[in-house]
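First listed ligand is number 1; within each ligand, the first listed atom is number 1. As the structure is a computational prediction, the values presented were derived from the model and not from experiment.
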Amino acid sequence: MSKYVANYNNMEVHRIGCPCVMDVYENHQRGYYSLQKALSAGYDGCKNCLPAYHNLRKRLK
Ligand SMILES: [Zn+2]
């Protein structure tokens, strides 16, 4: 079981169980075991379930 779900439609990653995941179309989802892997693949943390990682890329710029 993956622990995180990335949405490659809007490039955000969620924890499994985040209510936002319900809004992600299944064919836009990609599971990740590691948050670091998702972040290094270019995903941004969800502001709801991963606020510490939200807009990380924008902050780094
Ligand atoms: Zn979320």
Side-chain angles (χ1 to χ4, degrees):
M1 266 293 273
S2 13
K3 288 184 175 165
Y4 299 94
V5 175
N7 174 355
Y8 53 77
N9 200 33
N10 67 3
M11 295 305 284
E12 283 206 327
V13 60
H14 301 270
R15 288 178 197 272
I16 293 284
C18 171
C20 310
V21 172
M22 309 285 234
D23 298 333
V24 180
Y25 290 113
E26 230 171 273
N27 57 351
H28 289 154
Q29 290 179 7
R30 172 149 189 214
Y32 277 95
Y33 295 93
S34 146
L35 179 59
Q36 286 310 315
K37 270 199 176 154
L39 294 175
S40 63
Y43 290 102
D44 192 32
C46 164
K47 65 177 186 295
N48 184 40
C49 60
L50 293 166
Y53 299 96
H54 182 57
N55 284 338
L56 193 62
R57 281 172 302 142
K58 282 172 202 158
R59 280 205 301 261
L60 288 175
K61 261 177 208 169

Asker: Do V5 and R30 have side chains that get closer than 4.5 Å, going by heavy atoms?
Answerer: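 Answer no - side chains too far apart.
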Asker: Give, for atom NE2 of H14 and atom SG of C49, the distance between the pair rounded to the nearest 0.5 Å.
Answerer: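 Rounded to the nearest 0.5 Å, the NE2-SG separation comes to 6.0 Å.
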Asker: Short of 2.8 Å from the Zn ion (ligand 1), name each protein N/O/S atom, waters not counted.
Answerer: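 Only H14 ND1, C18 SG, C46 SG, C49 SG fall inside 2.8 Å of the Zn ion (ligand 1).
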Asker: Would you mind reporting whether M11 and Y43 have side-chain heavy atoms less than 4.5 Å apart?
Answerer: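 Contact flag for Y43/M11 side chains = yes.
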Asker: Sequence neighbours excluded, which residues qualify as side chain to side chain contact (heavy atoms under 4.5 Å, CB included) partners of N9?
Answerer: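 Expected list: N7, H28.
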Asker: Whether the side chain of D44 engages the backbone of E12 through a donor-acceptor N/O pair (distance < 3.5 Å, no angle test) should be reported.
Answerer: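 No, D44 side chain to E12 backbone: no donor-acceptor pair under 3.5 Å.
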Asker: So, applying side chain to side chain contact (heavy atoms under 4.5 Å, CB included) with Y4, which one of I16, V13, V21, L39 is it?
Answerer: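 So the option named by the test is V13.
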